[in-house]
There are 4 protein chains.
Amino acid sequence: MAQVEKVQKSQNDKRQRILEGALKAFARKGFYNTKVSEIASEAGVADGTIYLYFKNKDDLLISLFEDRMEWVIERLETELADSPGDVFEKLRQVVDMHFKLALEEPDLAEFITVELRQSAKFMKEYKNPRFLDYLRILERIVEVGQEQGVIRKDIDPRLFGRALFGALDEVLLTLTFSKNHQVEEKTRQVADLFIEGLRAR
Amino acid sequence: MAQVEKVQKSQNDKRQRILEGALKAFARKGFYNTKVSEIASEAGVADGTIYLYFKNKDDLLISLFEDRMEWVIERLETELADSPGDVFEKLRQVVDMHFKLALEEPDLAEFITVELRQSAKFMKEYKNPRFLDYLRILERIVEVGQEQGVIRKDIDPRLFGRALFGALDEVLLTLTFSKNHQVEEKTRQVADLFIEGLRAR
Amino acid sequence: MAQVEKVQKSQNDKRQRILEGALKAFARKGFYNTKVSEIASEAGVADGTIYLYFKNKDDLLISLFEDRMEWVIERLETELADSPGDVFEKLRQVVDMHFKLALEEPDLAEFITVELRQSAKFMKEYKNPRFLDYLRILERIVEVGQEQGVIRKDIDPRLFGRALFGALDEVLLTLTFSKNHQVEEKTRQVADLFIEGLRAR
Amino acid sequence: MAQVEKVQKSQNDKRQRILEGALKAFARKGFYNTKVSEIASEAGVADGTIYLYFKNKDDLLISLFEDRMEWVIERLETELADSPGDVFEKLRQVVDMHFKLALEEPDLAEFITVELRQSAKFMKEYKNPRFLDYLRILERIVEVGQEQGVIRKDIDPRLFGRALFGALDEVLLTLTFSKNHQVEEKTRQVADLFIEGLRAR
DNA sequence: TATGAATGAGACTTCATTCAT
DNA sequence: AATGAATGAAGTCTCATTCAT
């Protein structure tokens, strides 16, 4: 491995460790109740090290969003791209993945579920572009379905995207609280609810 | 009016003013970014006075939830009780009222939208019973519809309640951000989406 | 004493105690080596109290200048106003008072001697108007002497003011270091030096 | 050039570059507001490198004094040694050089003007011997003048040195602030002021 | 009951210094 | 000798809460 790569790897490594520590801490106690020193000790670095990689605590929060949402979106897009199914099948996959991810990455789920809105609202300058990307994926599926005539045309795709995300997010909140029972059944129900609601008759 | 009542009225009055000040401030800047002194000045009382009516800042937040949710639920229940319509009509009314309220009381909408989850999550001992009451209203409607055979029986009423609330909440978030255009059309679409999703076939 | 006066007295009292604590601490260790908490404990108040009276540490420094220089200038002006002597006698008085003050208020002397320049230089927006007032007093004496024809006209009064202040300030620095011996003799010598230098021939 | 010398030259070179970087930075922002990393980047070396040549930041400050004062004193002594003039002429030369140097090396002037006192005061163990050397030059001139009978004997040479340095220093402070106009005229006036003040009658 | 000045614990952040490379 | 990423001690300032009036 070349010297340059090695350095970059170690840098990314430390940055990643901090992001992971932050995720864990934010998930557990929320942004405002988490001390920078807690993130540092969770990440196994000194307090000051965090400021080598992030401008301040807010920047760390935003970076964490960017990083994790990017990852989520990539996964979602890859899976959808491979999907042979129709639009309803794709919607089912979205719901499925949403829940599956939440089970695999409970910290991430808690984090997004709880902190997304706060940050959306109070870090005025931050537009949260990754989240908009996520919504756009949902919109596209509905648009395609409408073009194909299988989805009713009187539903605004953008509104649908918000509604579905909101529903998933809120249900997730309960899932992460309780011990995640019957997730598959819940996945089916939520997917069904929205699919039947969308279907053109 | 008897002396005792008068005193109690004035007490309630000051308590209410504090709650209103808090609502305004929390809506604008969020719980953690709002100083107790800001609430006090918004309410026109001294900082210390707040501690005569509330144990601490957390207690103020919780009390605000209690107070406002109670009011919302009462209104919802009254309206639904008077309603002559079937369960789908009732669902439509719920969605309608949710949005109508948000337009009438934008501070309340922002507040619930943004703070509900944080508080749910990080004030561990607080179970937010009023919110559960709200969900129970939705559950009841679905249950009745299932008994009547007009709503499919493979949907868990509790899950549905969460999903609907989540959807409404998220859509509201966008409404309060943007200048609330075409609310009625959005109301119809969201209601339709869920009603068609629920309908037994 | 009326209520209002009492409150104002107590406020001024605390403000004064903080200024005195700051003067003592700055004189001993310099602005940058003095912790806010040291000033607080010197003043017998809590750390946070300082921020009720001053915006921040810089503001405290500037306020201290303002306050003390105002006091010095008032004293100097009063004494000069009463003085029956000619301009040379007045200059002698200025030098005399400068040293006398430094003996009476060694902390103030150390403080001005050491911190004046730093603050002049690095608090760019702060113009130190009181110090300029002080210099203007010196200028005026020279101008009067020039009008009377007893002081040579080829000396710029403003330049003279600076030079005399600088000389006094530097000599003071040595005085406050060493145990202030023979102050009167030194006063005479410095006064003589400048007076003979100024005298028209 | 032998290997050893070459190494030493390169060492000196880096040391000098650090001193120059420090001078520039201290002049601009003052000792306490200058970060070691700023000095390093000004000097074009790594932060850590500074600690190969200086024990710590304080040591760097002191070394800078030593280095620059030594240079100033050498220049002053050389010029005075060559001077054919009498003591008054020599004093004139001192004043002249003081100002001339400040124009040639404005960073050095700002640095000495602002930092000399702080450091004198708060680095207790440091006696600033170079500065004392500088004063001694002034003292010697006065002593010689007194022996020759051209300077009044009732002036303490040491006191005079301080006073002259203080005056020059303070006037310089104004010069470096404002755009250095009429320096020669000011030189003449200050020199005259002190010479006439000293002259035996 | 009401006030608001005072408190002081504690958070974020900086930066001189170190040390593995 | 040189680097610069990492450290962590320490300082400024905030703000929820108290309490004398």
Side-chain angles (χ1 to χ4, degrees), chain A residues 3 6-7 10-11 13-15 18 32-41 43-60, chain B residues 7 10-11 14-15 18 32-41 44-60, chain C residues 3 6-7 10-11 13-15 18 32-41 43-60, chain D residues 7 10-11 14-15 18 32-41 44-60:
Chain A
Q3 192 60 25
K6 216 152 119 201
V7 166
S10 125
Q11 276 182 357
D13 185 52
K14 199 152 281 187
R15 198 187 127 98
I18 293 169
Y32 289 104
N33 293 308
T34 298
K35 289 173 239 167
V36 171
S37 65
E38 287 170 348
I39 298 170
S41 90
V45 301
D47 293 16
T49 305
I50 289 179
Y51 293 87
L52 295 178
Y53 294 91
F54 304 94
K55 218 166 67 244
N56 51 35
K57 201 184 166 193
D58 279 13
D59 183 39
L60 176 51
Chain B
V7 166
S10 127
Q11 277 183 357
K14 198 155 277 188
R15 199 186 125 97
I18 293 169
Y32 289 103
N33 293 309
T34 297
K35 295 173 218 163
V36 171
S37 66
E38 287 170 349
I39 297 170
S41 92
V45 301
D47 293 16
T49 305
I50 288 178
Y51 291 85
L52 297 176
Y53 293 91
F54 303 95
K55 212 161 78 246
N56 51 35
K57 200 184 168 193
D58 281 12
D59 181 40
L60 177 51
Chain C
Q3 192 59 27
K6 215 152 123 200
V7 165
S10 125
Q11 275 182 359
D13 184 52
K14 199 151 282 186
R15 200 186 125 97
I18 293 169
Y32 289 103
N33 293 309
T34 298
K35 288 174 241 167
V36 171
S37 64
E38 288 169 349
I39 298 171
S41 89
V45 301
D47 293 17
T49 304
I50 288 179
Y51 293 88
L52 295 177
Y53 294 91
F54 304 95
K55 219 165 68 243
N56 49 38
K57 201 183 165 193
D58 280 13
D59 182 39
L60 177 51
Chain D
V7 164
S10 128
Q11 275 182 358
K14 198 154 280 188
R15 200 186 124 97
I18 293 169
Y32 288 104
N33 294 309
T34 297
K35 295 172 217 164
V36 171
S37 66
E38 287 171 349
I39 298 171
S41 92
V45 301
D47 296 15
T49 305
I50 288 179
Y51 292 83
L52 297 174
Y53 295 90
F54 304 95
K55 211 161 78 248
N56 51 35
K57 201 183 167 192
D58 281 12
D59 181 39
L60 177 51

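The chains referred to below are lettered A, B, ... by the order of the sequence lines, with proteins before strands, and numbering in each begins at 1. Only a predicted model underlies this, so the values are computations on that prediction, with no experimental measurement involved.
- Minimum interatomic distance between B/F54 and B/D59 (heavy atoms only, all atoms of both residues): CA-OD2, 3.4 Å.
- Taking atom CZ of residue D/F54 and atom P of nucleotide E/dA16, one finds them 15 Å apart after rounding to whole Å.
- Looking only at side-chain heavy atoms (C-beta outward), C/L60 and C/Y53 stay at 4.5 Å or farther from each other.
- Among the atoms of the strands shown, none is found under 4.0 Å from any heavy atom of B/S41.
- For F/dA6, one of the phosphate oxygens OP1 or OP2 lies less than 4.0 angstrom from a side-chain nitrogen or oxygen of A/K14.
- Atom OH of D/Y32 and atom C1' of F/dT12 are 17 Å apart (whole Å).
- Residue C/Y51 places its side chain closer to F/dT14 than to any other of F/dT14, E/dA6, E/dC12.
- Of the listed nucleotides (E/dC12, F/dT7, F/dT12), F/dT7 has the atom at the smallest distance from the side chain of A/V45.
- Projected onto DNA chain F by closest heavy-atom contact, A/G44 and D/T49 fall at different nucleotides, the more 5' of which corresponds to D/T49.
- Nearest to the side-chain atoms of D/K35 among the listed nucleotides E/dA16, E/dT17, F/dA16 stands E/dA16.
- Taking every side-chain heavy atom of A/K57 into account, E/dT13 is the closest of F/dA1, E/dT7, E/dT13.
- In this structure, OH of B/Y53 is placed 12 Å from C1' of E/dT3, rounded to the nearest angstrom.
- Taking a pair to require two hydrogen-bonding distances under 3.5 Å in either a Watson-Crick or a G-U wobble arrangement, F/dT21 pairs with E/dA2.
- Both A/K55 and B/D47 sit near DNA chain E, but only B/D47 has its closest nucleotide nearer the 5' end.
- As rounded to whole Å, 15 Å separates atom C1' of F/dA16 from atom CG of B/N33.
- The separation between B/I18 atom CD1 and E/dT3 atom C1' is 12 Å, rounded to whole Å.
- Note that CG of C/D13 and CD1 of C/I18 are 10.0 Å apart. Values are rounded to the nearest 0.5 Å.
- Comparing D/N56 and C/A46 against DNA chain E, the residue whose closest nucleotide sits nearer the 5' end is C/A46.
- Here E/dT14 presents its P atom at 13 Å from CD of D/E38, a figure rounded to the nearest Å.
- Atom CG of C/D47 sits about 10.5 Å away from atom CD of C/E38, to the nearest 0.5 Å.
- Note that the OG1 atom of C/T34 and the OH atom of C/Y32 stand 11.5 Å from one another [nearest 0.5 Å].
- Closest to the D/L52 side chain, of the nucleotides E/dA5, E/dA2, F/dA2, is F/dA2.
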